[in-house]
Amino acid sequence: MSCQYVPHTRIPTLVFATSSQASQHVAVMIESLIRQNNSAGQPTVLGLPTGSTPVGIYRDLIRLHKQAGLDFSRVITFNLDEYFRLSADDPHSYRRWMQETFFDQVNIRTENIHIPDGTISQDTADEYCAGYEQLIRRAGGIDLQILGIGRTGHIGFNEPGSTRHSRTRLTTLDPVTRRDAAGDFFGEENVPQQALTMGVGTILEARKIVILAFGEHKAEIVQRAVEGEMTDAITASFLQKHPDTTFILDRAAAGELTAVHSPWMVGPVEWTPALIRRAVIWLSLTVGKALLKLSDDDFREHELYELLREHGPAQRLGRRVFDEMMKTICTHPGGTEPGTILVFSPHPDDDVISMGGTLIRLLGHNLRVHVAYRTSGTIAVFDHDA
Ligand code: PGA
């Protein structure tokens, strides 16, 4: 399995080619911890997340249980969070999600499973949350905490503004988080406003932490959490202070890290044609100048001196990339003959979002264009958007 550490990050960061390879790596890490503790007759205390990110880990753990006899009878789990005012059997509750996705398919003991109870009343929340913390302490603390990261930079439901010392509590969800959950709830208006969550301070007490992020939509927040200053605006950045945290990413989620995105900023690079193109376009966007207007000073002032020396001057580099980009423009995407074009679009918006300009051009060339939507629009696209 190929993976590599990204240099110059504030949290050790490991990148895998695919999310399934990354999930498998974490599942094997959990497996060896459990096997080691089982053979010593010790419990294993895991902190667990919900969401789309950990699904692959749970799938691999179930496979390890069924096919390789991984024994969960001594495993104790604490889930990070739960929506407030959702009953345990509500289809959207994390309790139900955990049962169906994982617990029902391994031999964990019911009494060893802990998930915050979303049905408690508001005035007992403080007491209940203190009790949850006490249960973690009584279990001996969390050996391994698995985390995802939200687009707000949250861990658990510790939204921006949560302090480094925050404890398990009832909290209000950020609008971005509620929007991201809207698909599951068939509309943002149905997403609960509040949730119970382990605090940042609670999470930081885990002996070992693994935080995962997959997909391009996480790349920006991962970059800020891993390379930016530690700030309560991005609660995942507090992990910079934890002694044993690893960020585990797929390639897409690593895309904005400096060493991946602009490797020339962190050391010498081999100037391949693709990297030259990337650097020159990056420079043009950074200084806000057209490719053909870039100057030698622009290159010098933005850590691109080596590129200038090896392939310059600026005018030549700008022209080279400009010509390459011009060649990517297809003036007749439907060919030059009359005909009918059939476009397949997964949802009733992907066609316009991803190829609206092409559609206009096709129609401008008098081609007949039909779009086949491959869903009714009731999944992921709400009526008002459709
Ligand atoms: P996701 O959520 O795994 O569904 O992306 C992560 C999170 O919000 O913590």
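Remember, it's 1-based here, ligands and their atoms both numbered in the order they're listed.
- Across Leu249, Ile248, Asp250, a single residue satisfies side-chain contact (heavy atoms from CB on, under 4.5 Å) together with Phe16, and that is Ile248.
- Set against the non-hydrogen atoms of Gly51, the atoms of ligand 1 under 4.0 Å away are 3 (O), 4 (O).
- A donor-acceptor contact closer than 3.5 angstrom links the side chains of Asn158 and Arg169.
- Remark: ligand 1 and His217 share no N or O pair separated by less than 3.5 Å (distance only, no angle test).
- Protein heavy atom at the shortest distance from atom 2 (O) of ligand 1 is Lys218 NZ, 4.1 Å.
- The residues Lys327 and Asp323 are annotated as not salt-bridged, no charged nitrogen and carboxylate oxygen being separated by less than 4.0 angstrom.
- For atom 7 (C) of ligand 1, the nearest protein heavy atom (residue, atom name, distance) is His154 NE2, 3.3 Å.
- Here the closest heavy-atom approach between residue Ala213 and residue Val222 is recorded as CB-CG2, 3.6 Å.
- Closest to atom 6 (C) of ligand 1, if we only count protein heavy atoms, is Ile149 O, 3.6 Å.
- Tyr132 is connected to Val45 through a chain of hydrophobic side-chain contacts under 4.5 Å among Ile, Leu, Val, Met, Phe, Trp and Tyr, so both are in one cluster.
- Of the protein's non-hydrogen atoms, Thr53 OG1, 2.4 Å is the one closest to atom 3 (O) of ligand 1.
- If you look at Arg151 next to ligand 1, there are no close heavy atoms at all, none under 4.0 Å.
- Heavy-atom contacts from other residues, nucleotides or ligands closer than 6.0 Å to CG of Asn190 number more than 12.
- Residue contact check: Gly150 has heavy atoms under 4.0 Å from atoms 7 (C), 8 (O), 9 (O) of ligand 1.
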